[in-house]
Structure formats: structure tokens, C-alpha cells
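First the structure, in the form of C-alpha cells, and then the observations on it.
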Amino acid sequence: MQATPSIFSFPKYRAEQKAAPFLPMSRQEMQKLGWDACDIIIVTGDAYVDHPSFGMAIIGRLLEAQGFRVGILAQPDWHSSEAFTALGKPRLFFGIAAGNMDSMINRYTADKKIRSDDAYTPGNVAGKRPDRASIVYSQRCREAYKDVPLVLGGIEASLRRIAHYDYWQDKVRRSILLDARADLLLYGNAERAVVELAHRLAAGESIDQIRDLRGTAFVRKDTPEDWMEIDSTRIDRPGKVDKIINPYVNTRDLPECELEQRSGGEAAEMEAEDEVQILHIESRVRLDRSKTVIRIPSFEKVSKDPVLYAHASRVLHLETNPGNARALVQLHGDQEVWLNPPPIPLSMQEMDYVFDLPYARVPHPNYKGAEIPAYKMIRFSVNIMRGCFGGCTFCSITEHEGRIIQNRSEESILKEIEQIRDKVPGFTGVISDLGGPTANMYRIACKTREIEAACRKPSCVYPGICPNLNTDHSALTRLYRNARKLRGVKKILIASGLRYDLAVQDPDYVRELVTHHVGGYLKIAPEHTEQGPLDKMMKPGMGTYDHFKKMFERFSKEAGKDQYLIPYFIAAHPGTRDEDMLNLALWLKRNGYKADQVQAFYPSPMATATAMYYSGRNPLRRLSYKKSAERVETAKGEKQRRLHKAFLRWHDPANWPLLREALKTMGRADLIGEGEMQLIPSSDEVGTYTSHRRKNTPGAARTAKGKLLTQHTGLPPSTQRLGKNVPHSGAKSRPNKKRTERSG
């Protein structure tokens, strides 16, 4: 598979045109620009905000810079095709996306309840986009203009590109490409693919002929004659299998990999236990990876066989490194869904090009100043990078953006801060975030490109920091310092999630962060305290959290500041037992944390943890039909999921009846009582806790002033100590004079 040319090398489709203040949303706006038609129309489930945090703005401005006329249909009325004709017939294609979120996650909570709001809609109004928006929008576009090519993109299409478990229907659905009847699907960050696609269509090429773009999925009748197909449609049968020291590293091509050099010691022991077998044993003749496709189990097979679903998930995740990934093919009935390898990450120069485009940085004037919560949250923030190599199994960032970090230059970032200062209404001198999917992965990468291109590990930081990873944060520290020096900038806050196991490798960075960039509290996500769930999440143990906490408190003291950590935890994650949640609740009480809102595990499409949830197997380890094979326990029933959330909110009287019943069933009635050794009281009459969500409800019980503070109602927290001697399985109790709360 040949690498797609740089976006800078494409010839202009037309003479360079002046950027419009906004991309048009109506015929009237098109007329003002002198347009008789659009080349490309982007259909999106979000309100149109011309800001680089919104996908439609990036793709629209990028295509505009290439000379194309681009229109936007934002949140069109999907009940008929009429709204999809508002801008007329596009010359090249409809680009269809559900928005910045999967439309089902956007509308439903983890408990499958309909949300009452939509942060991507003016006025925070719910119901402005349909369920499975990509499919519905595609149907309406086809009804409006049946001969116009349909191109799917965005996170909903990206994470549903093959057969996938759908939490809301509790079944495996086929590729969204087929349900939408689209011509092409672009997955991941698709700047290169969409630009080349537009130019090739403009040059007269048929979309049915465009089958060589990386990061695309399409229907193909059969495997081309010059390709080698590897059959991976079933798990290994019992018998002798050649030893694979580390299935995540291409050892044939990279003998110098440090993990492989240590194969006789600690690393080998770990891999022997966690070995992941691939179904095929490649021949001794090296195959041309650019002409090799892996056949994974069909939609019909994975929809009926959870073990094969877990296997297909594992194969897909092994083929995510652009440096060595091979194409995948999956049969759906009599149709073959073909996935080309992932897109090549953008270079720093290319990232600067994308983010330096002339964004208005505000919502379209049609909204007449109506508040769009998602925009309000990010209007003073700056995205400095893309991607994440953390590999957390419950997260799909890697499957969408990739695990190779794509960075902007410091110059480009500082320029954007100045634009915010000079152009964005309401700026008071505070940048709310310099970050991305992870706050502190900026310019962190493998020591060499050769190792990076050959590696097949799902995470660079689990079960420990890879020795090949350069953990130097100096570029990020320098960026913070130079950003603070800009005229008119009073404060730079860091709100993106911090990978604290990475941060502790560079104390100078932690000192810089804590001294200058924490606004009273810092949110981090240990996610759990127990090793069982943490292993299924691929997250570090609590020892790393304790290490970071000590550094945070020491540097806060040196800076003369009262600052607090807000730890986030997740309930009902695959691999979590009731006992694990009990131990987490005891840890929370011993450390004085009272969570106001909590998050239960949400099985999002394509995530590894979702494969665990559906299949009951761990795709990261050996898969087998044997009864002795490892099973992954998961809280699926409504009552058990409520119980796991209740353990996180052990302090809420509304949860005490459920917790009492559970503690008695678990044989831990000794934790019921009014003493410091107990988790919950024996009577509902004890306590006056009122959640943040009810504190403004008329007639609701009020919490005494100073007794309970959250990140919503102010910090620092109360100095009241709670349950300092509550026992914890396998852990020594220790007092903690500081108490914080969090909202998940």
C-alpha cells in the first residue's frame, strides 16, 4: 500500500479562493459568495461551529483551502429529504458524519435512559439529531439525489466500520457502511484521504474505482489476484503452535527491540502468561504486507459466536499501527467489507497547516448567539496534539486517532493562543486547556522510527513504561512557559486528562504543572483501586497514583498553594466483581472522597472492553472454547450495575438500602453501623447528604454550610475527616486530613 502524498503536494483544483467568513448553510449565503452550486456538502449532526475542535469545520476549511466549494448542512430535519436539498446538488459528493460523538452515546446514558440535553446543539436542546444519524442522513441524501456519491466519516462511522457489538440493541450489528448504503467510509482523522478523494473525483475518476486510499472501507467483490490472503477466521485448534515471544512486536523485522532482547527474563514470563495466539502461522517466506489482507470471521459468525467476536476484535487491534498494519476483509452475507490500513499520521508541518486554517472560532451567525455548551467549554482551549498510546481498553481514541502522537509546533500553538486573545468574544486572559486526548503526551514518541513502525503492542505504558518510549516532557514544559509569557494571557490551565504514570517520569514537568497550571484542583483517572479491574482496563496500579499524589502535594506546598487531586473512578467495568467495588468504596471513605456524580462503564463500539463485555473473554489473552479458559465477569443486569455505582456513592442515603442488602449477602454485615470502622450506617436517618443535582430542587434537604463541597460548588474542600480507620482488604489504613469530591 503506497503512502498517500502529503496534503501540500496536491495541485489546486481551481485558483486559490479567498476564505469565506463561514462556510455557507443556505442558498442565500451561496449567492453572496457567487456560487451556483457546491462541490461538496458536509452533513453533520452537530451545530456548525467554525472551530478546529469540530470535525466539520476542519474538513470544510481544509477542502476550501484546496479550492473546493464546501457547504454545511448542520442538524438537518431528517424526517424527509427536503432539508437535504437546501444547498442543491453537490458536484462531487455528500460527506456525512453523526457529529463529534456517536449519536447513540450522545442521546442515551450508560443506563440506556434518554438524555434531556445535547451539548452540541444551540440551547442545549435534545432531539435535534436521529438515532444512528449516519445511516439516517445517508438515506435522506440518497432520496434527495440518488446518483451523488455518499462518503461516511466521523467517529460514529469510524468505530462501526466492521461488524460491532451494539449496546443499545444488545446484539452485533453489521458494518455501518452497508446499513448506510454508502460508497466509501473514511475512518480515523481523514484529512489526507478526503483531500485526495476530492481531487480524484474532480478529475473525473469514479468513486467505485478509488480503492487504494489508506484509512478507507468499501465493498469489494473479491480479493484481487495479486494479493495474498491470510485466513484468520477461527481460533487456533489444539496442537503444537510455534512460540511467539511477544505477539505485539514484529520480531522478524526488528531484532534490536529491547523487549525482545529481554525475552529470557521478566518480559518473557509476562508474555508466556498473557500470550495472544494468532490463528495463522506465516510461512518462512516474508510476505509483502502492502499486498496482504487478513480475513477475519464473518458478520454471521461473530454475531452468533462471542469467542469469534473477541478474536476478530483482537486481530483488528493488532492491525492498527500504520507502519505494519495489513488490510482486513470481513464477509457480510455475499458482500465483502474491505478495510485498508490506517492513515499515515500527519507530520508536524501538516498538523500546523490544518490548525492554521482561517477558522472564525465562533458558531455560525444563524444561531443568533444561542449558547452551545460544547463550544462554551472549548472556546478558550487549544488542541496541541492528537492520538494516545495509553491503550485503555474502555476507550476508543486509539481506534479512531491512532496511538502515534501527532504534534503541532510550538509556534502554531502560540499563534492560536494569540488569535483567541484577539478574536474570541469574552476572553478574560485564561486559556482553559492546552491539551488533547491526553494532557502530557505532547511530542512523546518511540526512541526510533524503526521500532515504532514495527511495534504491535496495544499500549506503550502497560504493564509498565516501555523502555523504548522517550518520556522527556521538556518540550511540553517549554511550551507552558512560553505560553504564559504571551501578552494578555493571565493563566494557562490544563484540563485534559493527565497520564500520571507518564508524568512521574519527569518531576520537572510535574513541578511546572503543579506550580503554574492547576486551578485549585487537578482531575486524574486511576479508574479503580483493585488489580483485577485495572488489568482489564490496562491501567497502572495504585502505587503509581500514590507516587504522583506525593509529588503533587510536595510541589503544591513548595508553591504555597492549597491544591487538591480529584480522582475519577469507573463502575461496572468488565472484570469488576462486587468485592472489588466494596474495596474501592472502603478506599474512598478512608481517603475522604465523596463522589457527587459517577460514571458506569459504557460499552462503546469497537473498544476492547466492549469485546470483553459482549463475549465474556479477554481478547488480550489466549482465546479458547475450553471451560478452563479465562472468563471475564461483567456487571450486566440493572440491579448489579446500580450496586456498583452505589458503592462509588457510599455516602448517599439513597443508596444505603441497596448497600445494606448487598453487604449482608456478601457476608460483610460488619461494615454496617455508625462507627468509624463501618462503611454505611444501620439507619437511613443518619446523614443529610444532598447531591449537587438536587441542591437547587425546591424542598430538597440542604447540606450544612462548609460540610460538603464539590468541584461544582467550590474548593478547597472541608477539612472534616471521615472514616480514617476503615479497613481495606490487603491495605494498611492511614489517616488523611484532606477530603475532596469529584464529579464523573
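One-based numbering along the sequence shown. Heavy atoms only: backbone and side chains are in, while hydrogens, waters and symmetry mates are out. Computed from a prediction, not measured in an experiment: that's the story for all the values here.
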Go through the steps to decide whether Glu156 and Ile176 satisfy the test side-chain contact (heavy atoms from CB on, under 4.5 Å), and finish with yes or no. CA-CA 9 Å; Glu156 180 168 276; Ile176 196 172; 4.1 Å; yes
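- Side-chain N or O atoms of Asn321 include one that pairs as donor or acceptor with a backbone N or O of Cys455 at under 3.5 Å.
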query: Please walk me through it: do Leu648 and Ile570 pass side-chain contact (heavy atoms from CB on, under 4.5 Å)?
result: CA-CA 8 Å; Leu648 283 181; Ile570 190 170; over 6 Å; no
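- Side-chain atoms of Asp501 do not come within 3.5 Å of backbone N or O of Pro540 as any donor-acceptor pair.
- Every residue meeting the salt bridge (Lys or Arg N to Asp or Glu O under 4.0 Å) condition with Lys645, not counting sequence neighbours, appears here in chain and number order: Asp111.
- Considering SG of Cys395 and NE2 of His400, their distance stands at 11.0 Å, rounded to 0.5 Å.
- With sequence neighbours excluded, the residues that form a ring pair (Phe, Tyr, Trp, His ring centres under 6.0 Å) with Phe299 are His332.
- One N or O on the side chain of Ser624 and one on the backbone of Lys626 form a donor-acceptor pair closer than 3.5 Å.
- Counting non-hydrogen atoms of neighbouring residues, nucleotides and ligands closer than 6.0 angstrom, the NZ atom of Lys550 reaches no more than 12 such neighbours.
- Within a 6.0 Å sphere centred on CD of Gln640, heavy atoms belonging to other residues, nucleotides or ligands number more than 12.
- Using modelled atom types, one finds a donor on one side chain and an acceptor on the other under 3.5 Å when comparing His644 with Asp578.
- The line from CE of Met537 to SG of Cys392 is 9.0 Å long, rounded to the nearest 0.5 Å.
- Atom-to-atom distance recorded for Gln330:CD and Thr233:OG1 is 11.0 Å, nearest 0.5 angstrom.
- Salt bridge absent: Glu530 and Arg577 never bring a charged side-chain N and a carboxylate O closer than 4.0 Å.
- Put simply, the side chain of Trp168 reaches to within 4.5 Å of the side chain of Met104, judged on heavy atoms.
- Legend: residues meeting ring pair (Phe, Tyr, Trp, His ring centres under 6.0 Å) with Tyr545, ordered by chain and number and at least two apart, are Trp587.
- Scored by the side-chain contact (heavy atoms from CB on, under 4.5 Å) test, Ala439 finds Ile494, Ser496, Leu498 as partners (sequence neighbours excluded).
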Practice problem: Take Leu513 and Leu522 through the side-chain contact (heavy atoms from CB on, under 4.5 Å) test and state the conclusion after the steps. | Solution: CA-CA 10 Å; Leu513 173 75; Leu522 180 69; 4.1 Å; yes
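- Checked by atom type and distance alone, the side chain of Ser175 never pairs as donor or acceptor with a backbone atom of Ala163 at under 3.5 Å.
- Considering only heavy atoms from C-beta on, Tyr187 comes within 4.5 Å of Pro342 through its side chain.
- Take Tyr614 and apply the ring pair (Phe, Tyr, Trp, His ring centres under 6.0 Å) test, not counting sequence neighbours, and it matches Tyr165, Tyr309.
- Between the side chains of Glu399 and Thr320, not a single donor N or O lies within less than 3.5 Å of an accepting N or O.
- In this structure the side chain of Leu584 never reaches within 4.5 angstrom of the side chain of Phe647, judged on heavy atoms.
- At a threshold of 4.5 Å between non-hydrogen side-chain atoms, the residues His528 and Met581 count as touching.
- Salt bridge status for Asp166 with Arg174: absent, with no side-chain N to carboxylate O gap under 4.0 Å.
- Proximity of Thr109 to Ile114: side-chain heavy atoms (C-beta onward) are nowhere separated by under 4.5 Å.
- Taking Gln505 as the reference, Ile465, Thr471 meet the side-chain contact (heavy atoms from CB on, under 4.5 Å) condition, with sequence neighbours excluded.
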Intermediate values then yes/no, salt bridge (charged side-chain N to carboxylate O under 4.0 Å, His left out), Glu630 and Arg622
CA-CA 8 Å; Glu630 178 190 6; Arg622 181 192 299 268; over 6 Å; no
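- Of the possible polar contacts, one joining the Ser103 side chain to the Arg132 backbone as a donor-acceptor pair under 3.5 Å is found.
- Here CD1 of Ile404 is found 9.0 Å from SG of Cys460. Values are rounded to the nearest 0.5 Å.
- Side-chain contact check for Met612 versus Thr393: some heavy-atom pair is nearer than 4.5 Å.
- Looking at residues two or more places apart in sequence or on another chain, you find no salt bridge (Lys or Arg N to Asp or Glu O under 4.0 Å) involving Arg617.
- A donor-acceptor contact shorter than 3.5 Å is absent between the side chain of Ser615 and the backbone of Val307.
- Side-chain contact, Arg314 with His311: a donor N or O sits under 3.5 Å from an acceptor N or O.
- Residues that satisfy the salt bridge (Lys or Arg N to Asp or Glu O under 4.0 Å) test with Arg642, not counting sequence neighbours, are absent from this structure.
- A cation-pi geometry, defined here as NZ or CZ lying under 6.0 Å from the six-membered ring centre and within 45° of its normal, does not hold between Arg403 and Phe389.
- A donor-acceptor pair is defined here as one N or O able to donate and one able to accept, closer than 3.5 Å; such a pair exists between the side chain of Ser556 and the backbone of Phe552.
- A donor-acceptor pair is defined here as one N or O able to donate and one able to accept, closer than 3.5 Å; such a pair exists between the side chain of Arg641 and the backbone of Phe601.
- In this structure, the side chains of Asp305 and Tyr625 come closer than 4.5 Å at one or more pairs of heavy atoms.
- A distance-only check finds no donor-acceptor pair linking the side chain of Arg499 to the backbone of Met441 [under 3.5 Å].
- Using a 4.5 Å heavy-atom threshold, the side chains of Leu316 and Ile162 count as touching.
- Here CG of Leu469 is found 6.5 Å from CG of Leu502. Values are rounded to the nearest 0.5 Å.
- Within a 6.0 Å sphere centred on NZ of Lys112, heavy atoms belonging to other residues, nucleotides or ligands number more than 12.
- For the residue pair Tyr462/Asp535, the side-chain donor-acceptor check at 3.5 Å is satisfied.
- Not a single side chain to side chain donor-acceptor pair (under 3.5 Å) links Glu579 to another residue, sequence neighbours left out.
- Listed by chain and residue number, Lys639 satisfy the salt bridge (Lys or Arg N to Asp or Glu O under 4.0 Å) test with Glu661 (two or more places apart in sequence, or in another chain).
- Judged as a side-chain contact (heavy atoms from CB on, under 4.5 Å), and not counting sequence neighbours, the contacts of Ile680 are Trp656, Leu659, Arg660, Leu663, Ile672.
- With sequence neighbours left out, the ring pair (Phe, Tyr, Trp, His ring centres under 6.0 Å) criterion links Phe394 to His573.
- A salt bridge is absent between Lys113 and Glu638; no separation between the charged side-chain nitrogens and carboxylate oxygens falls under 4.0 Å.
- A salt bridge links Asp102 and Arg160; the closest N-O separation between the charged side-chain nitrogens and carboxylate oxygens is under 4.0 Å.
- Panel note: side chain Asn591, backbone Tyr593; no donor-acceptor pair is recorded below 3.5 Å.
- With rounding to the nearest 0.5 angstrom, the SG atom of Cys388 is 6.0 Å from the CD1 atom of Ile405.
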- request: Might you work through the salt bridge (charged side-chain N to carboxylate O under 4.0 Å, His left out) test for Glu300 and Lys304, ending with a clear yes or no?
  value: CA-CA 7 Å; Glu300 288 74 18; Lys304 296 176 182 178; over 6 Å; no
